[in-house]
S.K.: 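First the structure, then my questions, so here it is.
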Amino acid sequence: MKFPILGIVLLVGCIDDGSPDPALPESCGASELAGIVGQSKSSLAPLKFSGPVRILGENQPMTMDYNPSRLNIITDDAGIITRVWCG
């Protein structure tokens with residue numbers, strides 16, 4: 001009777017929760033833009049991005065699909081950038 005339980009435990013370890021793998025290299029350039037955190041959303045206007053970009057408000061709904069080349073930028077209610085990440 002131990003073998004079915006072991007099988008379930010092994011399967012649970014294989015569940016993908018959709019979060020990015022920290023071992024994968026960053027492909028959207030978010031670390032290069034870490035300096036924009038704390039700046040106004042208007043500071044994005046002169047910037048050119050090579051890949052897809054998603055700019056969202058703090059509590060705005062977003063799709064949960066993971067795209068490692070997509071740059072995500074979150075702003076607060078005052079239009080200040082609070083977070084930048086790939087996904």
Side-chain angles (χ1 to χ4, degrees):
M1 203 56 147
K2 294 179 185 178
F3 294 111
I5 293 173
L6 178 61
I8 291 171
V9 170
L10 290 175
L11 285 175
V12 169
C14 295
I15 295 175
D16 182 11
D17 64 0
S19 59
D21 183 350
L24 295 176
E26 182 184 86
S27 59
C28 77
S31 61
E32 298 165 9
L33 294 171
I36 67 171
V37 173
Q39 295 184 21
S40 171
K41 181 179 170 181
S42 63
S43 67
L44 299 173
L47 300 179
K48 302 290 183 211
F49 301 102
S50 60
V53 178
R54 180 165 58 177
I55 302 171
L56 300 163
E58 198 166 306
N59 295 312
Q60 186 174 346
M62 69 176 122
T63 60
M64 296 308 291
D65 62 316
Y66 179 71
N67 180 349
S69 65
R70 179 176 51 213
L71 177 66
N72 293 285
I73 301 171
I74 301 295
T75 64
D76 64 12
D77 292 336
I80 303 300
I81 299 167
T82 59
R83 184 174 177 212
V84 179
W85 83 99
C86 297

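For the single chain, residues carry numbers from 1 onward in sequence order. Bear in mind the structure is a predicted one, so any value in this text is a computation, not a measurement.
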S.K.: How long is the span from the CD1 atom in Ile80 to the CD1 atom in Ile36, to the nearest 0.5 Å?
M.R.: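 Going from the CD1 atom of Ile80 to the CD1 atom of Ile36 covers 11.5 Å.
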
S.K.: For the hydrophobic clusters of this structure (ILVMFWY residues joined by side-chain heavy atoms under 4.5 Å, transitively), does one cluster hold both Met62 and Phe49?
M.R.: no

S.K.: Considering non-hydrogen atoms only, spot the tightest contact between Gly29 and Cys86 and give its length.
M.R.: N-SG, 4.1 Å

S.K.: Are side-chain heavy atoms of Ile81 and Leu44 found at a separation under 4.5 Å?
M.R.: yes

S.K.: Consider only side-chain heavy atoms of I, L, V, M, F, W and Y, link residues closer than 4.5 Å, and tell whether Leu56 and Val37 are in one cluster.
M.R.: no

S.K.: For residues 67-75, run the donor-acceptor check on the side chains, cut-off 3.5 Å, and write out each pair with its distance to 0.1 Å, sequence neighbours left out.
M.R.:
from, atom 1, to, atom 2, distance (Å)
Asn67, OD1, Ser69, N, 3.1
Asn67, OD1, Ser69, OG, 2.8
Arg70, NE, Gly87, O, 2.8
Arg70, NH2, Asp65, O, 2.7
Arg70, NH2, Gly87, O, 2.6
Asn72, OD1, Arg54, NE, 2.7
Asn72, OD1, Arg54, NH2, 2.9

S.K.: Indicate if Trp85 and Ile55 have the same hydrophobic cluster label, given that clusters are the connected sets of ILVMFWY residues with side-chain heavy-atom separations under 4.5 angstrom.
M.R.: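 Not linked; separate clusters.
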
S.K.: Inspect the surroundings of CD in Gln39 and state if more than 12 heavy atoms from other residues, nucleotides or ligands are less than 6.0 Å away.
M.R.: yes

